[in-house]
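One-based numbering along the sequence shown. Since this is a predicted model, take the numbers as computed values, not measurements.
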Amino acid sequence: MAVAPVKEAPVFAEVDMGDDSSSPTVRATVVQASTIFYDTPATLDKAERLLAEAAGYGSQLVVFPEAFVGGYPRGSNFGVAIGNRTAKGKEEFRKYHAAAIDVPGPEVDRLASMAGKYKVFLVMGVIEKEGYTLYCTVLFFDSQGCYLGKHRKIMPTALERIIWGFGDGSTIPVFDTPIGKIGAAICWENKMPLLRTAMYAKGIEIYCAPTADSRDLWQASMTHIALEGGCFVLSANQFCRRKDYPPPPEYIFSGTEEELTPDSVVCAGGSVIISPSGTILAGPNYDGEALITADLDLGDIARAKFDFDVVGHYARPEVLSLIVRDHPANPVTFTSASAKNEDSHES
């Protein structure tokens, strides 16, 4: 394991050079670092420093945690109880909304520029705003600096549902890139078998799993997905201390604030890279902010699929099948707009 010095804190890189093989190899990094909460420009600056660091190791693909841009509001309840919302909680949401980004928008343009500058494929967790609804979203960029598309979390977990909207089937992409077919599912979405199956059916090879879950049990889920999908799994989580969030009373960790010191770890990371055979290539890391890096031998995918191809030779479509409604689910459709579209297609 090599130690990489950085200006703010030590960042560790674990590099597995792999074995001799005629199949392509991709160097990938998962970033384990905290958001600068309520400060999106500073968070983007930090993202660029980490991206430059990863590119310095020769990484071709860099994956950031869930909600890295915009922040994961760990510990907050936004003043919500059944039948009541407090004024302080509403103001907290206003500030959180202000830190979110438009997609497309200037922050997306900057992320695209970063990807092009450092010649890496970039997978970035953000909080997206569309009007006044927020979404937990992953953005994808290629190494030429082009924005490829997004995935919106289709099922926020527990209290996340009071602040984030629900994605639909139109944003479950798998992008066919020169380094492999890349897609993502966010945090506990990864426990949804039908979502995973949809992604397997799209041929995913590099399965990105940005998360906020640092429990040991998360590792079992990541290993299972790698084995089930015959794909590489790259899970990126934040490492956060209490001091990485605003101090009280501006920001309160509900139910635990009195027990915390500024140095208390509130998210311990656990970022990891796993091969299609279930072998841990790098991580899990629970020590601090880190760049966790491994070489992916893409030939391992075919070796794993020989044993088990969940939507191929191990499928039984005459017994079990899946229908995915992958059209946008819009709450309002204007017939005049539809008529204009039809006219333009006819002309």
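- Distance check, rounded to the nearest 0.5 Å: CD of Glu189 to OG1 of Thr157 gives 8.5 Å.
- Side chain to side chain, Ser264 and Thr261 meet the donor-acceptor criterion of an N or O pair below 3.5 Å.
- Looking at heavy atoms from C-beta onward, Trp164 lies out of side-chain contact with Tyr135 at the 4.5 angstrom threshold.
- A distance of 11.5 Å separates OG1 in Thr29 from CG in Leu122, rounded to the nearest 0.5 Å.
- When only modelled atom types and interatomic distance are considered, Ser271 and Asn285 share no side-chain donor-acceptor pair under 3.5 Å.
- For the atom pair CE of Met222 and OG1 of Thr211, the computed distance is 6.5 Å after rounding to the nearest 0.5 Å.
- In terms of heavy atoms, Pro276 sits closest to Gly230 at CB-C, 3.6 Å.
- When all heavy atoms of Tyr286 and Asp216 are compared, the pair lying nearest together is OH-OD1, 3.6 Å.
- Looking at Tyr96, its side chain does come within 3.5 Å of a backbone N or O of Gly71 through a donor-acceptor pair.
- The environment of OH in Tyr314 is sparse: at most 12 heavy-atom neighbours from other residues, nucleotides or ligands sit within 6.0 Å.
- The six-membered or imidazole ring of Tyr245 lies near that of Phe253, with a centre-to-centre distance under 6.0 Å.
- Residue Val108 comes nearest to Asp102 through the heavy atom pair CG2-O, 3.5 Å, listed as atom of the first residue, atom of the second, then distance.
- The aromatic rings of Phe93 and Phe78 lie perpendicular to each other, with more than 60° between the two planes, well past the 30° mark.
- Trp218 and Leu227 end up in different hydrophobic clusters when Ile, Leu, Val, Met, Phe, Trp and Tyr side chains are linked at under 4.5 Å.
- Of all heavy-atom pairs spanning Gly288 and Gln32, the tightest one is O-NE2, 2.8 Å.
- Side-chain atoms of His151 never come within 3.5 Å of backbone atoms of Val174 as a donor-acceptor pair (strictly under, hydrogens ignored).
- The closest side-chain heavy-atom distance from Glu107 to Val69 is not below 4.5 Å.
- Using a 4.5 Å heavy-atom cutoff, the side chains of Val310 and Thr197 are not in contact.
- With sequence neighbours left out, Lys95 forms a side chain to side chain donor-acceptor pair (under 3.5 Å) with Glu250.
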Check your understanding: Could you go step by step and tell me if Arg161 and Met155 meet the side chain to side chain contact (heavy atoms under 4.5 Å, CB included) rule?
Key -> CA-CA 8 Å; Arg161 295 171 199 164; Met155 177 51 71; 3.7 Å; yes
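- Under 3.5 Å, the side chains of Ser221 and Asn190 contain no donor-acceptor pair of N or O atoms.
- Looking at Asp45 and Arg110, their side chains come closer than 4.5 Å, going by heavy atoms from C-beta outward.
- Of the possible polar contacts, none joining the Thr25 side chain to the Asp295 backbone as a donor-acceptor pair under 3.5 Å is found.
- Taking each heavy atom of Leu51 and Ala115 in turn, the nearest pair found is CD2-N, 4.3 Å.
- The NZ atom of Lys181 sits 10.5 Å away from atom CD1 of Ile204, with the distance rounded to the nearest 0.5 Å.
- In the model, Gln238 has a side-chain atom that pairs as donor or acceptor with a side-chain atom of Thr35 under 3.5 Å.
- Put simply, NZ on Lys129 and CD1 on Ile101 are 9.0 Å apart, with the number rounded to the nearest 0.5 Å.
- For the pair Phe175 and Asp142, the minimum side-chain heavy-atom distance is 4.5 Å or more.
- Partner of Arg94 under the side chain to side chain donor-acceptor pair (under 3.5 Å) criterion, out of Glu92, His97, Glu91: Glu91 alone.
- No path of Ile, Leu, Val, Met, Phe, Trp and Tyr side chains, each step under 4.5 Å between heavy atoms, connects Phe37 with Val31, placing them in separate hydrophobic clusters.
- Leu61 and Val30 fall within a single hydrophobic cluster, where Ile, Leu, Val, Met, Phe, Trp and Tyr side chains are chained together by heavy-atom contacts under 4.5 Å.
- In the model, Glu160 has a side-chain atom that pairs as donor or acceptor with a side-chain atom of Tyr72 under 3.5 Å.
- Clustering ILVMFWY residues whenever any of their side-chain heavy atoms sit less than 4.5 angstrom apart, transitively, puts Ile127 in a cluster other than the one holding Leu139.
- Looking only at side-chain heavy atoms (C-beta outward), Val138 and Ile186 come within less than 4.5 Å of each other.
- The salt bridge (Lys or Arg N to Asp or Glu O under 4.0 Å) check on Arg325 picks up nothing, with sequence neighbours excluded.
- Contact annotation: the side chain of Cys187 approaches that of Lys153 to within less than 4.5 Å [non-hydrogen atoms, C-beta and beyond].
- Counting heavy-atom neighbours within 6.0 Å of Arg85 CZ, excluding the residue itself, gives a total of 12 or less.
- Contact annotation: the side chain of Pro104 never approaches that of Tyr147 to less than 4.5 Å [non-hydrogen atoms, C-beta and beyond].
- In this structure, CD1 on Ile273 lies 10.0 Å from SG on Cys208, to the nearest 0.5 angstrom.
- In terms of modelled atom types and a separation under 3.5 Å, the side chain of Asp244 and the main chain of Ser34 share no donor-acceptor contact.
- In terms of the salt bridge (Lys or Arg N to Asp or Glu O under 4.0 Å) criterion, residue partners of Glu318 (sequence neighbours excluded) are, by chain and number, Arg316.
- Using the six-membered ring where Trp is involved, Tyr207 and Tyr200 have ring planes that are tilted, between 30° and 60° apart.
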